[in-house]
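All remarks here apply to the structure that follows.
Quick note on labels: first sequence line is chain A, next is B, and so on, each numbered from 1.
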There are 2 protein chains.
Amino acid sequence: MTPRTQTPPTGRELEHPAPEEIRLEEVLHALSDPVRLRIVRVLAVAREDLACSGFDLPVSKSTTTHHFRVLRESGLIHQCYRGTAKMSTLRRDDLERLFPGLLGSVLTAADRQAERLGG
Amino acid sequence: MTPRTQTPPTGRELEHPAPEEIRLEEVLHALSDPVRLRIVRVLAVAREDLACSGFDLPVSKSTTTHHFRVLRESGLIHQCYRGTAKMSTLRRDDLERLFPGLLGSVLTAADRQAERLGG
DNA sequence: CTCATAGTACGAGAGTCATCGTAGTTTGAC
DNA sequence: GTCAAACTACGATGACTCTCGTACTATGAG
């Protein structure tokens, strides 16, 4: 029912929630999926923004698109087009302002768990 | 399919995940439900352990049971019976050891959001 | 024993979610 | 224009989840 077909013909803009629209529950839900948590961890250590294609995820391309959309709509990442690629970055500043320390502790927790479980 | 019918006749024990079995994704998922986040917030400010009945949640009794079970099975809370009541406490120490700072930042984030949205 | 209280088990319904494949669009390179 | 690469839209499917009501069990008070 979302008007995806109304995307402008050459429009390269994507919708992002404003900071005041970001909901903690949605952020936690977005982070609770293994594939999405993995994406966020990769973005967290990346110096540059990354294209969706550079992630080597254990799911299909369409599923990858789905997960990136969930991340974007939850407010965790920002996305923009560059050529044929769709670049993603963590919305660190917005998140830190809204939920101080949250992203950092989740990333630390994920690192610990990966180490613990032999990641 | 879980063998709930094998509960001992007068057994008052409940199954809890050992610390090494607690998974970050499950914890985040447990926290991503509004009702459960509310329960956790109440437990966080309680000085004593609380009975399920003392929460005044906007859902039925059976749904309440369901949410407490999700919280317990994710490793977020510990539960034990006392008389007819089932008492719950946050597993603060276990969580802090596994995921330092995580619970605190989630609670802070929830407080901020509640204040921001007029909670 | 009787009864009220607290919680559970079970089954069901509605909704959401993760996943996929196929077909299509958009872009840049040649 | 042609082509490949990157991503999207759509529809489908199976799984999971939140919710409930009803019937049940366990405990303690009287």
_Distance, rounded to the nearest Å, where B:Y81 contributes OH and D:dA26 contributes P_ = 10 Å
*asked:* Between P on C:dG7 and CD1 on B:I77, what's the gap in Å once rounded to a whole number?
replied: 12 Å
_Please report the distance, rounded to the nearest Å, between CD in B:E25 and P in D:dT17._
14 Å
*Distance in angstrom units between B:D33 CG and C:dT16 P, rounded*: 14 Å
*Starting at CG of A:L50 and ending at P of D:dC7, how long is that distance when rounded to a whole Å?*
11 Å
*Phosphate OP1/OP2 of D:dC7 contacted by A:R69 side-chain N/O (<4.0 Å)*: no
*Think B:S53 has a side-chain N or O under 4.0 angstrom from the OP1 or OP2 of C:dT5?*
no
*On DNA chain D, nearest-nucleotide positions of A:A85 versus B:H29: which is more 5'?*
A:A85
*Side-chain H-bond candidate by donor/acceptor type, B:S60 with B:T63, under 3.5 Å*: yes
_Length of the line joining A:F68:CZ and D:dA9:C1', which is rounded to integer Å_ = 18 Å
*Grab the CG-C1' distance between A:L31 and C:dA18 for me, whole Å please.*
17 Å
*Look up atom CD1 in A:I77 and atom NE2 in A:H67, then write down how far apart they are to the nearest 0.5 Å.*
12.0 Å
*Determine: side-chain N/O of B:R82 to OP1/OP2 of D:dT27, distance under 4.0 Å, yes or no.*
no
*Less than 4.5 Å apart, any side-chain heavy atom of A:L102 and any of A:L95?*
no
*For atom CD of B:E48, is the number of surrounding heavy atoms from other residues, nucleotides or ligands below 6.0 Å larger than 12?*
no
*asked:* Check for me whether the distance between the ring centres of A:H78 and A:H16 falls short of 6.0 Å.
replied: yes
*Run the salt-bridge test on B:D49 and B:R82 with the 4.0 Å N-O cut-off and return the result as yes or no.*
yes
_Atom-to-atom span, CZ of A:R72 to C1' of D:dC7 - whole angstrom_ = 12 Å
_Heavy atoms within less than 4.0 Å of DNA chain D: which residues of residues 56-67 of chain B have one? Give them sorted by number._
B:V59, B:S60, B:S62, B:T63, B:H66, B:H67
_Closest-nucleotide mapping onto DNA chain D: is B:R36 or A:A51 further toward the 5' terminus? I mean the 5' end._
A:A51
*Neighbour count >12 (heavy atoms, 6.0 Å) for atom CD, B:E15*: no
